[in-house]
Amino acid sequence: MHEWSLAEAVLKSSIKEAKKRNLKKLLEVKIVLGELQAIEEEIVKFSLDSLKKGTMAEEATFVFINEKATFKCRNCQNEWTLKEANINEESIKESIHFVPEVVHSFIRCTRCGSPDFEVVEGRGIYIDEITGEDL
Amino acid sequence: MHEWSLAEAVLKSSIKEAKKRNLKKLLEVKIVLGELQAIEEEIVKFSLDSLKKGTMAEEATFVFINEKATFKCRNCQNEWTLKEANINEESIKESIHFVPEVVHSFIRCTRCGSPDFEVVEGRGIYIDEITGEDL
Amino acid sequence: MFDPREVVSREKFAIMKCIIPVVSGKGGVGKSVVSTALSLALAERHKTGLLDLDFWGASAHILLNASDQFPEEEKGILPEEIRGVKFMSVSYYTQDKPLPIRGKEYSDAFLELMAVTRWNDIECLVIDMPPGMADPFLDLLQYVKNGSFLVITTSSRLSSNIVSKTLKILKEQNLKVLGLIENMRSVGDDSERIRDLANSFNVKHLGYIPYYHNLDIHLGNLQDFISTDFFQKIKAISMGLEI
Amino acid sequence: MFDPREVVSREKFAIMKCIIPVVSGKGGVGKSVVSTALSLALAERHKTGLLDLDFWGASAHILLNASDQFPEEEKGILPEEIRGVKFMSVSYYTQDKPLPIRGKEYSDAFLELMAVTRWNDIECLVIDMPPGMADPFLDLLQYVKNGSFLVITTSSRLSSNIVSKTLKILKEQNLKVLGLIENMRSVGDDSERIRDLANSFNVKHLGYIPYYHNLDIHLGNLQDFISTDFFQKIKAISMGLEI
Ligand SMILES: Nc1ncnc2c1ncn2[C@@H]1O[C@H](COP(=O)(O)OP(=O)(O)O)[C@@H](O)[C@H]1O
Ligand SMILES: Nc1ncnc2c1ncn2[C@@H]1O[C@H](COP(=O)(O)OP(=O)(O)O)[C@@H](O)[C@H]1O
Ligand SMILES: [Mg+2]
Ligand SMILES: [Mg+2]
Ligand SMILES: [Mg+2]
Ligand SMILES: [Mg+2]
Ligand code: NI
Ligand code: NI
Ligand SMILES: [Zn+2]
Ligand SMILES: [Zn+2]
């Protein structure tokens, strides 16, 4: 249930962005969920729906987009997917769920074994776009 | 005259890239020169023309593109140019000429004073493209 | 497209009354032992937190003998409370394995930890920083505008040279500097170098701490650590801090 | 679009017969004093270079009393030669000012220095590394495939914990490790910790160096440095290195 704090972050930052754009009401927030972090969409949705009450996002819909995680090695340019990384241990999945970067403590390039790789896509949560009404 | 070593790097890496692409001859190398590093085009050209002899770049022309330097502050998002940075002291220019990153020792964001800025464009030398013949 | 974690991280720091980043620029001068001792000393009087931002060289968890379980989750992550200190470190999540990450990845992990950690009502947050002036230091300057910096050095010119660079940036950025601690002093060390350094930047010399040959054997056991002269020195210095 | 500096940097390292990166992971354990002393000792028998890659905490130029002029230019940059050691450091170009740069910028400066420095016919290059496992360490692993690593630690568990992470990566990447130096040892320090550490990674324990209370007052003057017991210890160790 640390998803609640991420939902708070989503709501706060969306409202801040909406105000910057002079919107009066938030109608939709498109949220990208990266596969690596394995955030529970249901919990974020539930949290957002309860947090939005009494805010300018009261009527907003939250749309979720799932992004697959891919990695790219800076040593040999090899690219691979989370599935290919084959992370099975629950405690490792849980660690990555909290701080996705610790994936560098647990996996290596599937070709050359280097720890020096990039999470190209699907790291974690971010906001793709917001829409609203300016009156 | 440390430009000579950069010319060597340009030639070596262009030839390597050409071989990777199965080219037999290099005909043109487009070289971008970033304003910040203030590399002497004439010296690089002269060095390349003398270094290319007896290589697959023997008949190559070297085309230079000058790129203005711009900076962007990571603290306040302000953007500014090298001209606005107003670097006058010769020894500072010389230091930056050798290692462009030391610009962070000498200038600050023109708006907020932060040292945490990015050189968006015009840092130094790189190769834009090469063309050649594959027979 | 934007990052939801930036706003909340900035805000979390902004509302704190007292943030003490323990910095130096130089490695191995005692940032971790000082920041850990300081947080324990402050916790006797204030609700105190300790945040270990040295992701590559995390140390405070060893000094505090932190749990090897994940911290509790409750609408975020609740720092483990150790002898009154609310403690957060990436070490909970690396399972004590190496963390080979670049600066860009550090910044991401830093934002993540800040976004989800619930410090609740702490009055004072001590931050243990890594050496250098790379992403961690620059992120700190970007996200923490209200820090009161504690600067650690040894008596050596190898340290003072680097620490003077850190002081230069802190002063130039108009940040509050609580003062300079001269750690691991030996008889025979130049007694003026660090005092002159402090004076030249118009910051307080907060005191000397001797080199204790046997300090290291008291590390890892919290009760033992608190009973050292080292701890008493830091506690005494903490009393005089203008926070 | 590609970077002309990458190929030549890789190649310059690849053709060197002997590269000794002095690493630890932990700060302040003596990487700079060891690497500087080592390069001076090796220079008595081999053509030796010293490259200071700690751009934020550059120290070797202080130990070597390097010139404050730019190194000579001749079809590149010729390292300054100091007591037989060809020396290169970013300190020549920062004018001893702070260098607040992020990891990405470090990598750029590193490539730039490598691309333009002409080491000529050196037989051995000693590299003084910063602490941590960020961009400098990862760049080293990427560009230097033929290093013989010298690992420095103190006797403290605060150091051994971090150093074990560095050893883990070096071993896992099948890199050559010359061995472990236990620096700044005091009477009373746990005599087994570092030996066990070395054994557990199957690397040599190359020797102990005591904590010399007065070492720091001998730094900055090269003749003085060379006359210290510290220097003699490193010289003795250098004789036994398998390089
Ligand atoms: N006053 C002191 N006397 C003796 N040893 C000390 C003293 N202060 C710190 N140390 C030791 O020095 C080493 C470096 O301290 P540490 O806190 O890890 O430094 P940093 O966090 O700056 O890298 C540790 O082994 C620590 O126990
Ligand atoms: N054997 C030793 N005895 C006493 N002091 C030492 C010893 N080795 C190193 N030092 C001191 O410890 C400090 C850290 O050394 P340094 O070489 O700068 O470490 P690093 O490069 O690992 O950060 C310096 O002040 C140095 O003079
Ligand atoms: Mg530390
Ligand atoms: Mg000791
Ligand atoms: Mg050093
Ligand atoms: Mg000393
Ligand atoms: Ni969760
Ligand atoms: Ni030049
Ligand atoms: Zn790879
Ligand atoms: Zn700015």
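Computed from a predicted structure; not experimentally measured. Values reported hereafter were calculated over all heavy atoms of this structure, with side chains retained and with hydrogens, waters and symmetry mates removed. Naming convention: chains lettered A, B, ... in sequence-line order (proteins, then strands); numbering from 1 in each chain.
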Find the one option among [options] whose heavy-atom pairs under 4.5 Å with chain D are most numerous.
{"options": "Glu17(B), Glu118(B), Lys30(B)", "answer": "Glu17(B)"}
{"options": "Ser47(B), Gly124(B), Ser95(B), Ala7(B)", "answer": "Ser95(B)"}
{"options": "Leu11(B), Asp116(B), Ile125(B), Val119(B)", "answer": "Asp116(B)"}

Is it the case that Glu84(B) and Thr81(B) place a side-chain donor and acceptor less than 3.5 Å from each other?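 Yes, because at least one side-chain N or O of Glu84(B) sits under 3.5 Å from a partner of the opposite role on Thr81(B).
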For Thr154(D) and Asn183(D), does a side-chain donor sit closer than 3.5 Å to a side-chain acceptor?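 Absent: no donor and acceptor within the cut-off.
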Where on [X] is there a heavy atom nearer than 4.5 Å to chain D: the side chain, the backbone, both, or neither?
{"X": "Ile92(B)", "value": "both"}
{"X": "Phe106(B)", "value": "side chain"}
{"X": "Glu94(B)", "value": "both"}

Portion of Leu99(D) that has a non-hydrogen atom of chain B nearer than 4.5 angstrom: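 It is both, since atoms from each part get that close.
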Part of Pro100(D) lying under 4.5 Å from any heavy atom of chain B: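 Both parts, heavy atoms under 4.5 Å.
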For the residue pair His97(B) and His2(B), does the interplanar ring angle fall in the parallel (under 30°), tilted (30 to 60°) or perpendicular (over 60°) class?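 Aromatic pair His97(B)/His2(B) classed perpendicular.
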Can you label the angle between the Tyr106(D) ring and the Phe55(D) ring as parallel, tilted or perpendicular, going by 30° and 60°?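 Tyr106(D) vs Phe55(D) ring planes: tilted.
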Quick check: closest heavy atoms across Asp128(D) and Ser32(D), and the distance to 0.1 Å?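 Answer, listing the atom of Asp128(D) first, then Ser32(D): OD2-OG, 2.7 Å.
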Ignoring hydrogens and geometry, is there a side-chain-to-backbone donor-acceptor pair from Glu123(D) to Lys47(D) under 3.5 Å?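 Yes; judged by distance alone, with no hydrogens or angles, the pair exists.
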Output the option from Gln95(D), Arg118(D), Glu112(D), Lys75(D) having the highest count of non-hydrogen pairs under 4.5 Å with chain B.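 Top option by heavy-atom pairs under 4.5 Å: Lys75(D).
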When Glu73(D), Glu6(D), Glu74(D), Lys97(D) are compared by non-hydrogen pairs under 4.5 Å with chain B, the top option: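 If we count pairs closer than 4.5 Å to chain B, Glu73(D) comes out on top.
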Are Phe2(D) and Tyr126(B) an aromatic pair by the rule of ring centers under 6.0 Å?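 Not under 6.0 Å, so no.
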